J.: 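This is the structure, below, for whatever I ask next.
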Amino acid sequence: MKKDFFTYQAQTTPHPLALEISHAKGSYIYDMQGNGHLDFVAGVSVCSLGHCHPKVVEAVIEQTRKYMHVMVYGEFIQQPAVVFSKYLASLLPGNLETTYLVNSGTEAIEGAIKLARRYTGRSKLIAAKNAYHGNTLGSLSLMNFEERKAPFRPLIPDISFLEFNSEQDLCKISKDTAAVILETIQGGAGFIMPKEGYLKKVKDRCAEMGALLILDEIQPGFGRTGNLFAFEHYQCVPDILVMGKGMASGLPVGGFTASHEIMNSLSNSPKLGHITTFGGNPVIAAAALATLKELTNSNLIPETLEKEKHFRSRLKHPYIKEIRGKGLMLSLIMKDEEIANKLILSCAKKNLILFWLLFEPKAVRISPPLTINTEDIDLGCDIILQTLNELEQ
């Protein structure tokens with residue numbers, strides 16, 4: 001199987017971890033030898049309810065027995081997508097009422113870019129330095145890492161960058177700006193939190209200039225930071241909200257939400273302003289609805305903050321210089337890049353799954369399922385501390 005994996009499946013890096021999967025359940029992934037690997041990554045913040053949560057599995061099975069794909073997005077009324085979108089709107093501020101369902105976070109970013117340009121009639125976009133919004137051409141254009149962009153140029157034009165958390169850079173938002181696009185918490189940069197009041201000041205400047213604020217909640221959304229969405233911590237409501245990853249607890253999905261007035265601009269002049277064949281797929285929407293109901297009808301979301309405290313209390317070591325993030329979106333900032341790499345690879349051999357972040361080489365990702373229990377947190381922390389002690393010797 002490993003030979004076939006490297007021969008027939010396209011690779012994203014020269015050296016993938018290449019763990020051959022048998023099955024997964026809860027906070028564990030099992031290899032073909034039956035070994036359980038404690039998952040501190042959750043598919044990169046995707047499996048919010050853990051692996052194969054019974055309510056999600058049940059919703060998927062029930063929907064597949066009724067119908068799967070029947071028509072491209074937006075033509076037929078399909079109950080799972082309608083019920084999910086309505087329920088989501090009931091949990092969001094009033095201006096975030098209409099959702100366009102797509103297949104991934106990066107596709108949702110593409111849709112949000114088009115929506116902002118269509119609604120405002122402007123072309124200029126402003127993103128943050130060290131941002132990551134996905135890897136399609138539009139999302140890649142919002143990244144300022146030239147080494148990643150250069151091989152794929154030309155990208156989409158009229159994009160400039162500001163420094164995240166810099167109030168001085170707010171003057172770059174002008175009457176020519178269609179939208180400012182920010183991650184509520186910068187992910188690839190190392191889980192950088194917005195300073196108190198920063199996002200609200202961005203929103204106020206956007207409103208003054210007639211620009212839209214797009215917040216990318218692909219990673220922190222759906223309970224990972226202790227609220228349903230991270231923007232709720234910062235008294236700042238975006239004009240367009242982008243989501244993905246943990247939305248359906250393991251199935252491929254994304255979405256962007258705005259007011260009905262803004263969103264309706266994609267339906268005319270031209271018609272079919274944004275099209276997706278599989279967006280709003282009823283099986284995926286059923287999984288998203290089951291996930292959202294479980295998150296909002298349980299204590300999982302507030303418990304993320306208690307679990308964060310537990311991680312912070314346990315993970316104290318001279319090689320750990322800082323723990324960034326909020327809730328169960330955490331990164332260990334290590335002494336140096338070498339320690340970070342050795343920790344991730346050594347823990348993998350001890351059946352603990354950790355991972356890297358895109359742009360911060362000293363960072364080690366900790367983003368387990370929101371369903372993880374204290375015993376498994378302790379087990380993983382013990383492995384991390386044991387490994388760091390071995391590296392220290």
Side-chain angles (χ1 to χ4, degrees), residues 24-29 38-60 62 80 83-93 96 184-185 187 191 193 217-235 237 241 243-251 253 255 257 285-315 323-331 353 365-382:
K25 185 175 182 180
S27 297
Y28 284 83
I29 297 173
L38 178 56
D39 188 0
F40 268 19
V41 177
V44 188
S45 301
V46 168
C47 300
S48 47
L49 298 182
H51 298 283
C52 295
H53 190 283
K55 291 185 179 178
V56 176
V57 172
E58 180 183 357
V60 167
E62 182 180 350
V83 174
F84 170 80
S85 299
K86 183 178 179 180
Y87 186 44
L88 179 64
S90 74
L91 301 167
L92 290 170
L96 297 173
T184 310
I185 298 174
F191 293 3
M193 310 281 285
E217 291 260 1
I218 293 168
Q219 187 161 192
F222 291 91
R224 187 152 290 277
T225 69
N227 274 330
L228 185 58
F229 291 98
F231 73 79
E232 297 173 89
H233 294 291
Y234 304 110
Q235 295 76 52
V237 179
L241 174 67
M243 62 199 83
K245 284 194 181 291
M247 194 169 166
S249 200
L251 275 71
V253 67
T257 302
L289 179 60
T291 299
L292 187 57
K293 284 184 174 179
E294 182 64 15
L295 287 173
T296 53
N297 294 322
S298 70
N299 292 319
L300 284 172
I301 293 178
E303 284 174 359
T304 62
L305 299 176
E306 295 303 313
K307 292 171 182 176
E308 174 194 352
K309 290 177 184 176
H310 197 70
F311 270 113
R312 289 183 180 275
S313 70
R314 289 297 320 278
L315 292 176
I323 301 178
R324 294 182 188 159
K326 195 173 186 65
L328 291 178
M329 182 179 171
L330 301 173
S331 66
I353 300 172
R365 166 188 289 277
I366 293 181
S367 58
L370 305 190
T371 50
I372 193 168
N373 59 42
T374 303
E375 291 75 20
D376 284 335
I377 292 175
D378 282 331
L379 174 59
C381 289
D382 286 342

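Hydrogens, waters and symmetry mates are skipped; everything else that's a heavy atom, side chains included, is used. Fair warning: this is a prediction, and the values are worked out from it, not measured in the lab.
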J.: Indicate the atoms forming the closest heavy-atom contact of F191 with Q219, along with that distance.
T.: CZ-OE1, 3.7 Å
J.: Taking atom CD of E58 and atom NE2 of H53, what is their separation to the nearest 0.5 Å?
T.: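 Nearest 0.5 Å value for the CD-NE2 distance: 10.5 Å.
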J.: Quick one: closest heavy-atom pair of F40 and G380, and the distance?
T.: CZ-CA, 3.5 Å
J.: With a 4.0 Å cut-off on N to O distance, would you call K309 and E306 a salt bridge?
T.: yes
J.: Taking the side chain as everything from C-beta on, heavy atoms only, tell me whether I323 gets closer than 4.5 Å to I366.
T.: no
J.: Any donor-acceptor pair under 3.5 Å linking the side chain of T304 with the backbone of L328?
T.: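 Flag not set: sc T304 to bb L328 has no pair under 3.5 Å.
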J.: Please round to the nearest 0.5 Å and tell me the distance separating atom CD1 of I185 and atom NZ of K326.
T.: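 Between I185 CD1 and K326 NZ, I get 7.5 Å after rounding to 0.5 Å.
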J.: For I372, does its backbone N or O pair with a side-chain atom of K307 as donor and acceptor, under 3.5 Å?
T.: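 Looks like yes, one N/O pair under 3.5 Å.
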J.: Say you draw a straight line from CD1 of I301 to CD of E232; how long is it, rounded to the nearest 0.5 Å?
T.: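 Going from the CD1 atom of I301 to the CD atom of E232 covers 8.0 Å.
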J.: Is there a side-chain contact between T184 and Y234, using heavy atoms and a 4.5 Å cut-off?
T.: yes
J.: Would you confirm whether N373, through its side chain, and D376, through its main-chain N or O, come within 3.5 Å as a donor-acceptor pair?
T.: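 Here the side-chain-to-backbone pair exists.
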J.: I'd like to check T291 versus M247 (side-chain heavy atoms, cut-off strictly below 4.5 Å). Are they in contact?
T.: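 Not touching, per the 4.5 Å side-chain cut-off.
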J.: Contact between Y28 and L38 at the side-chain level, heavy atoms closer than 4.5 Å - yes or no?
T.: yes
J.: Work out which heavy atom in H310 is nearest to a heavy atom in D378; give both atom names and the distance.
T.: NE2-OD1, 2.7 Å
J.: Listed by chain and number, what are the salt bridge (Lys or Arg N to Asp or Glu O under 4.0 Å) partners of K86, not counting sequence neighbours?
T.: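 Salt bridge (Lys or Arg N to Asp or Glu O under 4.0 Å) list for K86, sorted by chain: empty.
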J.: Please check if the side chain of S367 supplies one atom and the backbone of V41 the other of a donor-acceptor pair under 3.5 Å.
T.: yes
J.: Check the pair L96, F231 against side chain to side chain contact (heavy atoms under 4.5 Å, CB included), reporting the backbone distance first and the verdict last.
T.: CA-CA 13 Å; L96 297 173; F231 73 79; 4.1 Å; yes
J.: Show the nearest heavy-atom pair for residues F222 and G244, with the distance to one decimal.
T.: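 Smallest heavy-atom distance, with atoms named: CD1-O, 4.4 Å.
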J.: Tell me the closest heavy-atom pair linking L251 and A287, and the distance in Å.
T.: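 The answer is CD2-CB, 4.1 Å.
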J.: Measuring from atom OG of S48 to atom CG of L300, what distance do you get when rounded to the nearest 0.5 angstrom?
T.: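 Between S48 OG and L300 CG, I get 9.0 Å after rounding to 0.5 Å.
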J.: A side-chain contact here means heavy atoms from C-beta on lying under 4.5 Å apart; do S45 and R365 qualify?
T.: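 In contact.
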J.: Do L92 and F229 have side chains that approach each other closer than 4.5 Å (heavy atoms only, starting at C-beta)?
T.: yes
J.: Determine the minimum heavy-atom distance between M243 and L88, stating which atoms define it.
T.: SD-CD2, 3.8 Å
J.: Side-chain contact test, heavy atoms from C-beta onward, threshold under 4.5 Å: evaluate it for M193 versus R324 and give yes or no.
T.: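 No, every pair of side-chain atoms sits at 4.5 Å or beyond.
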J.: Please round to the nearest 0.5 Å and tell me the distance separating atom CG of N297 and atom CG of L292.
T.: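 Reported to 0.5 Å precision, the distance equals 8.5 Å.
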J.: Could you tell me whether the side chains of H233 and T225 share a donor-acceptor contact shorter than 3.5 Å?
T.: yes
J.: Taking the side chain as everything from C-beta on, heavy atoms only, tell me whether L370 gets closer than 4.5 Å to E303.
T.: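 Not in contact.
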